[in-house]
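Working notes for the structure below.
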Amino acid sequence: TGGHTTEILRLLSCLSESYSPRHYVLADSDKMSEAKIRSFEQKRAETFSKSQFSLDRIPRSREVRQSWISSVLTTLYSILYSLPLTYKRKPDLILCNGPGTCVPVCLSAFLLGLLRVKRTIIVYVESICRVETLSLSGKILYYFSDYFIVQWPELKKKYPKSVYLGRIV
């Protein structure tokens with residue numbers, strides 16, 4: 001919500017019209033992001049007339065300050081909820097940037113790849129505010145993403161699999 005949505009929309013503004021349709025996945029409790037996405041897509045449609053998008057909602061995997069034990073259960077529930085959605089959409093690419101909502105979606109896509117249902121490229125972009133340490137989502141998806149992008153050289157030094165492109169948002 002908020003900052004993560006703004007960052008991902010900045011990234012998406014650089015993509016060509018060939019990245020369509022776009023499927024946004026939001027936490028069911030996220031009230032702010034939908035309006036930002038709809039506004040972004042409305043402006044995008046002025047440039048790219050064939051632009052298509054959809055919005056899907058999944059249960060939030062972890063609330064702020066939620067205990068670790070209960071987070072495991074809610075994340076498992078969110079993964080189970082994400083599996084049919086990911087199977088239905090069968091994305092070629094998942095571009096995500098850190099909110100907890102991306103973890104169940106990415107893990108669902110990774111699982112579908114293991115089962116040879118659909119191979120999805122997962123690109124994780126760590127938030128620009130993460131200068132010295134990874135977010136919890138980043139710590140998890142570091143191992144599951146195909147491309148793990150950081151925006152600070154300090155993180156590249158700590159996480160050799162990562163790709164440092166400078167500040168991209």
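Residue numbers run from 1 in the order of the sequence given. None of the values given here were measured: they were computed from a predicted structure.
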Dump the intermediate steps for side-chain contact (heavy atoms from CB on, under 4.5 Å) on Phe40 and Ser13, then the final yes or no. CA-CA 8 Å; Phe40 170 80; Ser13 69; 3.9 Å; yes
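- Salt-bridge check for Arg119 with Asp146: passed, with a basic side-chain N closer than 4.0 Å to an acidic carboxylate O.
- Side-chain atoms of Lys50 and Ser20 form no donor-acceptor pair, as typed in the model, at a separation below 3.5 Å.
- In terms of hydrophobic clustering, with Ile, Leu, Val, Met, Phe, Trp and Tyr side chains grouped at heavy-atom distances under 4.5 Å, Leu107 and Leu111 are assigned to different clusters.
- Taking 4.5 Å as the limit, every side-chain heavy atom of His4 sits out of range of all side-chain heavy atoms of Ser33.
- Ring centers of Phe148 and Tyr159: at least 6.0 Å apart, outside the cut-off.
- Cluster membership for Tyr24 and Leu83, using ILVMFWY side-chain heavy atoms within less than 4.5 angstrom, is not shared.
- Ionic pairing of Glu17 and Arg44 is not present here: no N-O contact between side-chain nitrogen and carboxylate oxygen is shorter than 4.0 angstrom.
- Leu115 and Ile121 end up in different hydrophobic clusters when Ile, Leu, Val, Met, Phe, Trp and Tyr side chains are linked at under 4.5 Å.
- When all heavy atoms are compared, the tightest approach of Ser71 to Arg62 is OG-NE, 3.1 Å.
- Of all heavy-atom pairs between Val131 and Leu155, the closest is O-CG, 3.5 Å.
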Go through Ser82 and Val25 one step at a time and tell me if the side-chain contact (heavy atoms from CB on, under 4.5 Å) criterion holds. CA-CA 9 Å; Ser82 298; Val25 180; 5.9 Å; no
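- Taking every heavy atom of both residues into account, Trp152 and Ile128 meet most closely at NE1-O, 2.6 Å.
- Of the charged side-chain nitrogens involved, none lies within less than 4.0 Å of a carboxylate oxygen, so that Glu132 and Lys158 do not count as a salt-bridged pair.
- Residues Val105 and Leu73 are members of separate hydrophobic clusters, defined by side-chain heavy-atom contacts under 4.5 angstrom among Ile, Leu, Val, Met, Phe, Trp and Tyr.
- Taking the charged nitrogens against the carboxylate oxygens, Lys88 and Asp56 have no contact shorter than 4.0 Å, which rules out a salt bridge.
- Note on Phe144 and Val72: separate hydrophobic clusters, where clusters join Ile, Leu, Val, Met, Phe, Trp and Tyr whose side-chain heavy atoms are under 4.5 Å apart, directly or indirectly.
- Side-chain atoms of Arg57 and Ser29 form no donor-acceptor pair, as typed in the model, at a separation below 3.5 Å.
- Side chains of Ser67 and Ser70: a donor-acceptor N/O pair is present below 3.5 angstrom, by distance only.
- Residue Ile58 forms a side chain to side chain contact (heavy atoms under 4.5 Å, CB included) with just one option from Thr86, Asp28, Leu85, and that option is Leu85.
- Using modelled atom types, one finds a donor on one side chain and an acceptor on the other under 3.5 Å when comparing Ser135 with Glu126.
- In terms of heavy-atom proximity, Glu7 sits nearest to Ser127 at OE2-OG, 3.0 Å.
- For the pair Lys161 and Tyr142, the cation sits on the ring face: its NZ or CZ lies under 6.0 Å from the ring centre, inside 45° of the axis.
- With hydrogens and angles left out, the side-chain atoms of Ser61 and Ser78 include no donor and acceptor closer than 3.5 Å.
- Nearest heavy atom pair, residue Pro59 against residue Tyr77, reads CG-CE2, 3.3 Å.
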